[in-house]
Amino acid sequence: MAFPLELQRRLLCMEEARRQTQHQLDIIERQIWRRMASLIPTLGRKHSGYRHGKAPEPSGFLERYRSNLAALTAERQPEIDALSRKLARQDRAIAMLIARLDPVRELAA
């Protein structure tokens, strides 16, 4: 069995790896939102205005926004799924190590 300090060191390394994985997911999310923000001006131009006395459809913009967001997310979905699975594995590994470390902590106290 590893010494308590070795287990604590391993836990710190695992938690740092988890933070890096979460950071990668956050970066992908920010990239998607940045691309959506740059698309907003072009999404608003596609309405017909008040031609022939007809008001523009208010839900049209939201539909275009949602469809573009879905398309951008779908492009990155394999990457998001892989990182999410990795994050779940890291969470389980950290939980198992904490469970191993808890009895050692109780003996030291």
Side-chain angles (χ1 to χ4, degrees):
M1 183 172 151
F3 295 111
L5 290 177
E6 177 61 25
L7 287 176
Q8 290 174 356
R9 187 191 63 76
R10 194 178 317 166
L11 179 62
L12 288 174
C13 289
M14 292 169 76
E15 288 173 338
E16 178 59 29
R18 188 204 179 283
R19 278 191 292 277
Q20 290 174 2
T21 303
Q22 183 63 53
H23 180 69
Q24 289 174 325
L25 274 171
D26 294 341
I27 287 173
I28 292 171
E29 183 179 333
R30 283 194 303 271
Q31 289 170 344
I32 290 171
W33 286 112
R34 227 176 298 145
R35 284 185 64 192
M36 278 308 299
S38 69
L39 287 177
I40 287 175
T42 62
L43 295 176
R45 291 188 190 133
K46 294 189 179 182
H47 60 80
S48 61
Y50 281 96
R51 285 190 183 165
H52 309 290
K54 181 181 169 191
E57 187 180 340
S59 63
F61 174 80
L62 285 176
E63 289 172 12
R64 288 189 300 275
Y65 181 86
R66 288 180 182 134
S67 68
N68 278 289
L69 180 59
L72 288 175
T73 304
E75 283 179 17
R76 305 294 298 266
Q77 198 61 50
E79 197 176 352
I80 292 169
D81 289 343
L83 287 170
S84 295
R85 286 189 303 269
K86 183 177 181 179
L87 200 59
R89 283 192 310 268
Q90 289 173 328
D91 285 340
R92 285 192 304 270
I94 289 170
M96 288 173 53
L97 189 58
I98 288 174
R100 278 183 62 191
L101 192 57
D102 277 342
V104 174
R105 286 182 183 168
E106 290 173 7
L107 291 175

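Fair warning: this is a prediction, and the values are worked out from it, not measured in the lab. Start at 1 with the first residue, then count along the sequence.
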K.L.:
For the atom pair CD1 (Ile40) and CZ (Phe61), what is the distance rounded to the nearest 0.5 Å?
P.N.:
5.0 Å
K.L.:
Which distance, rounded to the nearest 0.5 Å, do you find between the CD of Glu75 and the CD1 of Ile32?
P.N.:
8.5 Å
K.L.:
List for me each residue that meets side chain to side chain contact (heavy atoms under 4.5 Å, CB included) alongside Arg66, sequence neighbours excluded, and say none if there are none.
P.N.:
Leu62
K.L.:
Which heavy atom of Leu25 sits nearest a heavy atom of Leu87, and at what distance?
P.N.:
CD1-CD2, 3.8 Å
K.L.:
Kindly compute the distance separating NE2 (His23) from CG (Leu83), expressed to the nearest 0.5 Å.
P.N.:
11.5 Å
K.L.:
For Glu15, give me all partners under side-chain hydrogen bond (donor to acceptor under 3.5 Å, both in side chains), at least two apart in sequence or on another chain.
P.N.:
none
K.L.:
Supply the atom-to-atom distance Glu29 CD to Ile80 CD1, rounded to the nearest 0.5 angstrom.
P.N.:
8.5 Å
K.L.:
Can you give each donor-acceptor pair under 3.5 Å made by side-chain atoms of residues 88-95, sequence neighbours left out, with the distance rounded to 0.1 Å?
P.N.:
from: Gln90; atom 1: OE1; to: Thr21; atom 2: OG1; distance (Å): 3.1
from: Gln90; atom 1: NE2; to: Thr21; atom 2: OG1; distance (Å): 3.2
from: Asp91; atom 1: OD1; to: Arg18; atom 2: NE; distance (Å): 2.4

K.L.:
What distance separates Gln22 CD from Ile27 CD1, expressed to the nearest 0.5 Å?
P.N.:
11.0 Å
K.L.:
By side chain to side chain contact (heavy atoms under 4.5 Å, CB included), which residues pair with Glu16, not counting sequence neighbours?
P.N.:
Arg19, Gln20
K.L.:
Rounded to the nearest 0.5 Å, what's the gap from CZ on Arg76 to CD on Gln31? Could you check?
P.N.:
4.5 Å
K.L.:
Honestly curious: do Leu7 and Met96 fall in one hydrophobic cluster under the side-chain, below-4.5 Å linking rule?
P.N.:
no
K.L.:
Which pair of heavy atoms, one from Ala74 and one from Pro78, lies closest together, and at what distance?
P.N.:
O-CD, 3.8 Å
K.L.:
Ser67: what forms a side chain to side chain contact (heavy atoms under 4.5 Å, CB included) with it, not counting sequence neighbours?
P.N.:
none
K.L.:
Applying side-chain hydrogen bond (donor to acceptor under 3.5 Å, both in side chains), can you list everything that pairs with Gln77, at least two apart in sequence or on another chain?
P.N.:
Asp81
